[in-house]
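As a basis for the values below, the full set of heavy atoms in this structure was taken, side chains included, without hydrogen atoms, waters or symmetry mates.
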Amino acid sequence: MTTSNAQRVDVLAVGDASVDYFVRVPHIAVADDKAIGRLVGVHGGGMSANLAAAARFAGARAALATAVGSDEPGRQALERLAAQGVDVSASIAVPGGHTWFCVIQLDATGEKSLVGAVTEVKIPAVGQISDDLLRMARVVAPLADDLDWAIGLAGRARASGAKVAVDLEPDAVAGRWDQVRTLAHLSDLVFCNQATVGVLADGDPARCAELLISAGAGAVVVTRGRDGALCFGPGESWSARGPEIEVVDTTGAGDALAGAFTGSWIRGRTLADSLRAGVAAASLCVSHLGSRAYLDAGTGIETLARDVTLDAAPRLQGL
C-alpha cells in the first residue's frame with residue numbers, strides 16, 4: 001500500500017473499516033434469549049476508521065490504510081470517510097471480497113451489545129503497508145486486535161521515525177502479557193478501557209498504567225464510560241469528565257476519545273489538554289446514533305472541550 005498524497009499526515013490509522021447495523025431492542029439479548037427490535041440505522045464503523053475520523057475532528061491531518069471488499073458497503077465506507085476529511089488513498093478494495101460488518105443491539109439507555117461478523121476482508125497484511133507510507137506519518141495507530149500483527153507494524157513504524165499509539169482490547173490481551181509488554185515498549189500512547197484494566201490489573205487503573213509505563217509506554221489513557229477518563233504519564237496524572245449529556249448510543253466512544261486525544265497530542269498539545277479533547281469527542285459521539293454521526297453535527301471540538309471538567313489525579317508510584 002502506498003498513498004497518492006505526498007503530504008505528510010499527522011495520524012495514520014492502520015486497520016479496519018466496517019459497516020454497523022443498529023437495532024433498537026427492548027432489552028439486550030443474552031444466551032438462549034430473544035430480543036425483537038427494529039433497524040434504526042446503518043452507519044460506517046471500525047475502530048481504525050473511527051480513530052482516524054476523530055483525529056481529523058481534532059484538527060490533525062489523518063489517513064486510514066485498510067482493506068475493504070469490492071462490494072457496495074466497502075465503496076460507501078471509503079467514500080464517507082473521504083467526505084469526512086480522512087485520506088483513504090492508501091486503502092484497497094479486495095476484488096470479490098465482502099466488507100466486514102457488525103450488528104449492534106441498543107437498549108433504551110444507549111448501552112450496546114455488539115456482534116462482529118468478520119469476513120475474508122478486515123485488515124491489510126503487514127507486508128502490504130509500505131515503509132514509504134509509514135515514513136509519511138508522524139504517529140501510526142495499528143489496530144491491536146491481533147497483538148503479533150500490531151507488534152510487527154509498530155516496530156516498523158518506530159524504525160521509520162513515527163510515534164505509535166495503540167488501543168488495547170480485553171480479548172486480545174488476555175493471557176498474553178509478554179506480547180502486551182512488547183507492544184507497550186514500542187508505544188508512545190496506550191489506551192485501555194475498564195475491561196482491559198480488569199484483565200491486566202484486576203480493575204486498578206493506576207496499577208495498569210504503572211505496568212504499561214514500566215514496560216516502556218510513554219503515557220496511558222484509561223477510558224471509563226460515563227465516568228470520563230484518566231491519563232497517566234511519568235510525573236503527571238489527570239482525570240477528566242464530560243458534561244451531562246443525553247446518551248443515545250455508546251458505540252465508538254472509546255475510538256473517538258483515542259483519536260481526538262492522539263490528534264491533539266501529535267499537534268503539540270499537553271497530555272491534559274489532549275485528554276480534555278478526547279473526552280469532549282467521546283461525549284459528542286454518544287449523543288448521536290452511529291460512531292461517526294457526530295462529525296456531521298456542526299459542533300466544534302473546542303466548544304464542547306470547554307465543558308469538560310479536568311482535575312489533577314494522584315501521580316503514579318514506583319516509576
Side-chain angles (χ1 to χ4, degrees), residues 10-11 13 50-62 138-141 162-168 184 187-194 196-197 200-201 204-245 252-287 294 299-319:
D10 295 315
V11 179
N50 294 341
L51 187 149
R56 180 68 188 92
F57 180 61
R61 296 184 301 275
R138 298 180 64 199
V139 58
V140 175
K163 298 183 183 300
V164 174
V166 296
D167 191 350
L168 301 179
S187 300
D188 299 274
L189 298 176
V190 177
F191 298 90
C192 302
N193 60 27
Q194 274 295 142
T196 302
V197 172
L200 294 179
D204 184 341
R207 178 58 180 158
C208 182
E210 287 173 358
L211 290 171
L212 293 169
I213 291 175
S214 295
V220 175
V221 178
V222 175
T223 60
R224 303 192 298 167
R226 294 176 185 269
D227 292 327
L230 298 166
C231 178
F232 302 93
E236 60 179 310
S237 298
W238 302 95
S239 172
R241 187 181 181 115
E244 291 297 324
I245 198 165
D255 307 334
L257 191 151
F261 186 108
T262 303
S264 296
W265 175 78
I266 199 61
R267 295 176 66 231
R269 300 290 184 89
T270 64
L271 291 179
D273 286 341
S274 299
L275 183 65
R276 192 192 297 273
V279 170
S283 298
L284 192 59
C285 177
V286 302
S287 67
Y294 71 96
T299 302
I301 191 170
E302 297 297 338
T303 300
L304 199 61
R306 288 194 292 268
D307 295 326
V308 172
T309 302
L310 182 73
D311 295 299
R315 295 185 179 183
L316 299 180
Q317 303 299 315
L319 290 180

[X] side, atom [atom1]; [Y] side, atom [atom2] - distance, nearest 0.5 Å:
X    : Y    : atom1 : atom2 : result
D10  : R138 : CG    : CZ    : 5.0 Å
L257 : L284 : CG    : CG    : 12.5 Å
S283 : I245 : OG    : CD1   : 6.0 Å
C285 : Y294 : SG    : OH    : 6.0 Å
E244 : R226 : CD    : CZ    : 9.0 Å

Subject >> Trace of the side chain to side chain contact (heavy atoms under 4.5 Å, CB included) decision for C208 with D204 >> reply: CA-CA 6 Å; C208 182; D204 184 341; over 6 Å; no

Any side-chain heavy atom of [X] sitting closer than 4.5 Å to one from [Y]?
X    : Y    : result
L304 : P243 : yes
V11  : L51  : yes
S264 : D273 : no
L212 : F232 : no
P205 : Q194 : yes
T262 : V139 : yes
D167 : D255 : yes

What is the minimum heavy-atom distance between [X] and [Y], and which atoms define it?
X    : Y    : value
A229 : T223 : CB-CA, 4.2 Å
A256 : A281 : O-CB, 3.8 Å
V197 : C192 : CG2-CB, 4.2 Å
A260 : A58  : O-CB, 3.6 Å
L168 : T196 : O-OG1, 2.8 Å
V220 : A217 : CG2-CB, 4.4 Å

**OP:** Could you tell me whether a side-chain N or O of R315 sits under 3.5 Å from a main-chain N or O of S237, the two making a donor and an acceptor?
**Re:** no

Original post:
Would you say the side-chain atoms of R276 pair up with the backbone N or O of V308, donor to acceptor, closer than 3.5 Å?
Top reply: yes

**OP:** Tell me, please, which residues at least two apart from D227 pass side-chain hydrogen bond (donor to acceptor under 3.5 Å, both in side chains).
**Re:** R241

Subject >> F261 and L271: CA distance, side-chain angles, deciding distance, side chain to side chain contact (heavy atoms under 4.5 Å, CB included) verdict >> reply: CA-CA 8 Å; F261 186 108; L271 291 179; 3.9 Å; yes

Original post:
After noting the C-alpha distance and the side-chain angles of L275 and L310, does the key distance pass the side chain to side chain contact (heavy atoms under 4.5 Å, CB included) rule?
Top reply: CA-CA 8 Å; L275 183 65; L310 182 73; 4.1 Å; yes

